[in-house]
Amino acid sequence: MSSAYQPDIVEKTAQDHWADARCFEVGEDPTREKFYCLTMFPYPSGKLHMGHVRVFTISDVFARFHRMQGKHVLQPMGWDAFGMPAENAAIQRGVPPAQWTYKNIDDMREQLKRLGYAYDWTREIATCRPEYYRWEQWLFTRMFKKGLVYRKNSVVNWDPVDQTVLANEQVIDGRGWRSDALVERREIPQWFMKITAYADELLEQLDDMPGWPESVKTMQRNWIGRSEGVELAFDVPGENDPLTVYTTRPDTLMGVTYMAVAAEHPLATRAAESNPQIAAFIKECTTSDAAEATLETMEKKGMPLGISATHPLTGEDVPLWVANFVLMSYGTGAVMAVPGHDERDWEFAKKHGIPIKQVIAPADGTEIDIQEAVFTDRGVLVNSGEYDGLSFDEAFDAIADHFEKTGRGGRTINYRLRDWGVSRQRYWGAPIPIIYCDDCDAVPVPENQLPVVLPENVEFTGVGSPLREMPEFYETVCPQCGKPARRETDTFDTFVESSWYFARYACPDSSEAMLDERAAYWTPVDQYTGGVEHAILHLLYSRFFQRVMRDEGLTDVSEPFTNLLTQGMVLKDGAKMSKAKGNTVDPQELIARYGADTVRLFMMFAAPPEQALEWSDEGVQGSFRFLKRFWNAVVEHAASGPVALLDVDLLNNEQKALRRKTHQTIGKISDDIGRRNSFNTAVAAAMELLNAVNKLKDESDGDRAVVHEALEAVVLMLSPIVPHICHVLWQELGHETPLIDQAWPDVDESALEADRIEIVVQVNGKLRARISVPADADREVIESLAVADDNVQRFIAGNDIRKVIVVPGRLVNIVV
RNA sequence: GCCCGGGUGGCGGAAUUGGUAGACGCAGCGGACUUAAAAUCCGCUUUCCGAAAGGAAGUGCCGGUUCGAGUCCGGCCCCGGGCACCA
């Protein structure tokens, strides 16, 4: 194959070999170190996009690199197959969601195969298959029995025209995407998983996860949001139950000048009965979507309820307000407000003429005017009676003690994290295995009746779930009492499927259990790669599910992913590439034109993996040109005859320099891929080495030997990134055994030694000269050579040398 | 609004532990080869001054620490991601 580079032929040759030899199909081998390499599985939209190519290529580089390190590597692939796009397609084209999804899976599998990823396709999973989702239904019923799932009312976006629940994505500027009607918040009963039962464990374990990026751990810590505070009861005259609030600032208690409750709070509802203005305000509060970003950014509004609570320390009246920024589903649905020492309360008080009282003073004694500016720092208590002069900690303890002694509250740990609502009022998802009986309430479907199979041949109108129109689905009998009963028609949030698929790849065919002993061999995942947009939800739910499976006795593993790489988005025109925005680039065209290797190389070279990659059509050309140069360099070298054995003693300086470059590059690329995840600089280093090879004539025995060594190194080290061309070039270099079975190259330390090194000379921190010194020169020698330099003399002449800093191997800085 | 990132030539980016700013590539310019074009190869390419040697400025903005700051600290600005029903 000594002609021009033809990617289609090269890539078919390599892929045929891997398929024929079943290179990537792996079983369990306890004698070898395993390496489980996984990518967040794709939604089968039907077309591969650049974000897919990026993440799959990153993962494939890991898989192939660790295989060359001698590890037993598993890299599976599957489909996150439930979700809204299938329903949208069904509405638009009249195709049942199942049919559309299976077709897409077939199409995308072919596209993936064309890219040459090292997948074990025998383990493929599709989450919409009953063999898969039966096990999450099973786990749900186990969680039900343990009290880890429960039902409660929760807010959804309600489209009053289409009479249906909308996803946040389906709400555009507060209106339903199809009806254009103003969306309302409405409460309906939904199933929840008690992730908060694991909040502490999920938080604490983050401190012991060195393989995760700090940013992701920080985001998860803040999301869980553990806080230590105090619960306080305020009596409301005429009410039986006190109004309980939670605060992390009990030291500001004496500064409370009003309280606020949510629109859905019983006190507000009661007040609305006799006051039409309040009723109207409450109605207005529910006319918005349920997204937190909407609630947090909308104008803070409130209205006095005309009643007061009693301050628990002073006995003074504290007026009650209803406000749109207090959420019923969050804590107790009521907050105490301290305008002097809370930003939002201060602004609200200013707007509504509510008194602002200073009860904290700066610890350093600075005078402040609380009417002019809010003071939110911790400080010393003032205007607080017996608590005056106390610090934050002292006041926290004194006030918490007081409430504990009087039985009116006390220390509490609070989490921002809320339980996971898993109910979706949608068709294309896994049925929630619950049966409602008039006598027995909600009863989980018995294990021997699982799975509850989702009917796949349905008429799909888009308004409401077809399951609700299918008596043959929902009509059943109660498993407990045998009376006619009704099956749950809601389905699971698709995050449920993606919270445990990583473990199922170990035993995808197990019909006896959710996981079997093969999972003990392969889990946890050693390297997990996926989009940074999943940094919180998917990764936190997976960490939760792993623990639920552990506590169910299915595994000993607590943390599902040992090392995590969150790859940045592929952007175009400054925004995430997405079908919705219509700014996608089709990888298929590029592959047809340049081959998979060029596309893989470009994705790895264009940006560091964790950063956003701004797409540009130019630059792909450059990657293709490099592969052609690479091809020609190897083919021409191989064509010019046999290579003499390398004899390092006979090398001239130029040849030694190339050898040094070769082994420096082996060291650099090993570190770049193996430790730094810095694939772009690994490619750059390989390019530099190839540029250096092309400068040598490749004629003498010594030339040919060092060129051969360098080319072998480049072929081996680029093979994780561009595996097809390297497969063929390895044969060109005269090897019988295929490249896929080769080990990663080693650094020859002796090749790195150099006689002389370059040192930079600065005067007052400004670069003035570069000098060449013997590699073993000591400080005095380096210093005297530096001072002797002509240009350095120009800048130090006539001045006293005050100080000389010598950084060995790097620079000299002369301070005058 | 809150949480997490990012900001370096015309462009993507490099600089790994505070020590040569701009590696590698794209685009551009000049040259070789060619009847010509494409492809390929060679050279130049941060800005300003200078024939050159060399000098000055320079990593979003303002300030600080240091012999030395893209890197550390304080305060801002802009862009991207997430915010619990997009996946």
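To find a chain, count down the sequence lines: A is the first, B the second, and so on, and within it residues start at 1. Everything numeric in this text was worked out from a predicted model, so none of it was measured.
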Output one line per pair: protein atom, nucleotide atom from nucleotides 62-72 of chain B, and distance, for all N/O pairs under 3.5 Å.
{"residue": "B/C67", "atom": "O2", "partner": "A/Asn813", "partner atom": "ND2", "Å": "2.6"}

List every contact pair, protein side and nucleotides 51-58 of chain B side both N or O, where the distance is under 3.5 Å.
{"residue": "B/G54", "atom": "O2'", "partner": "A/Arg794", "partner atom": "NH1", "Å": "3.4"}
{"residue": "B/G55", "atom": "OP1", "partner": "A/Arg768", "partner atom": "NH1", "Å": "3.2"}
{"residue": "B/G55", "atom": "OP1", "partner": "A/Asn791", "partner atom": "ND2", "Å": "3.2"}
{"residue": "B/A56", "atom": "OP1", "partner": "A/Arg768", "partner atom": "NH2", "Å": "3.3"}
{"residue": "B/A56", "atom": "OP2", "partner": "A/Arg768", "partner atom": "NH1", "Å": "3.0"}
{"residue": "B/A57", "atom": "OP2", "partner": "A/Lys766", "partner atom": "NZ", "Å": "3.2"}

Using nucleotides 13-16 of chain B, report all nitrogen or oxygen pairs with the protein that are shorter than 3.5 Å.
{"residue": "B/G13", "atom": "O3'", "partner": "A/Asn680", "partner atom": "ND2", "Å": "3.3"}
{"residue": "B/A14", "atom": "OP1", "partner": "A/Asn680", "partner atom": "ND2", "Å": "2.9"}
{"residue": "B/A15", "atom": "OP1", "partner": "A/Arg676", "partner atom": "NH1", "Å": "3.3"}
{"residue": "B/A15", "atom": "OP1", "partner": "A/Arg676", "partner atom": "NH2", "Å": "3.1"}
{"residue": "B/U16", "atom": "O4'", "partner": "A/Arg676", "partner atom": "NH1", "Å": "3.4"}
{"residue": "B/U16", "atom": "O2", "partner": "A/Arg675", "partner atom": "NH2", "Å": "2.7"}
{"residue": "B/U16", "atom": "O4", "partner": "A/Lys668", "partner atom": "NZ", "Å": "2.7"}

Counting primed atoms, P, OP1 and OP2 as sugar-phosphate and everything else as base, the B/S/- map of nucleotides 26-34 of chain B against protein heavy atoms under 4.0 Å is SS-------
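Side-chain proximity of A/Ala167 to B/C86, B/C4, B/A87: nearest is B/C86. For A/Glu688, the listed nucleotide lying nearest its side chain is B/A23; candidates were B/G19, B/G81, B/A23. In this structure, of B/U20, B/G25, B/C83, it is B/U20 that holds the atom nearest to the side chain of A/Glu758.
Using a 4.0 Å heavy-atom cutoff across all strands shown, A/His538 reaches no nucleic acid atom at all. No contact: A/Trp420 has no heavy atom under 4.0 Å from any strand. Using a 4.0 Å heavy-atom criterion, one finds that A/Glu292 contacts the bases of the nucleic acid, with or without backbone contacts as well.
Among residues two or more places apart in sequence or in another chain, the salt bridge (charged side-chain N to carboxylate O under 4.0 Å, His left out) test is passed with A/Arg468 by none. For A/Arg675, the salt bridge (charged side-chain N to carboxylate O under 4.0 Å, His left out) partners two or more places apart in sequence, or in a different chain, are A/Asp671.
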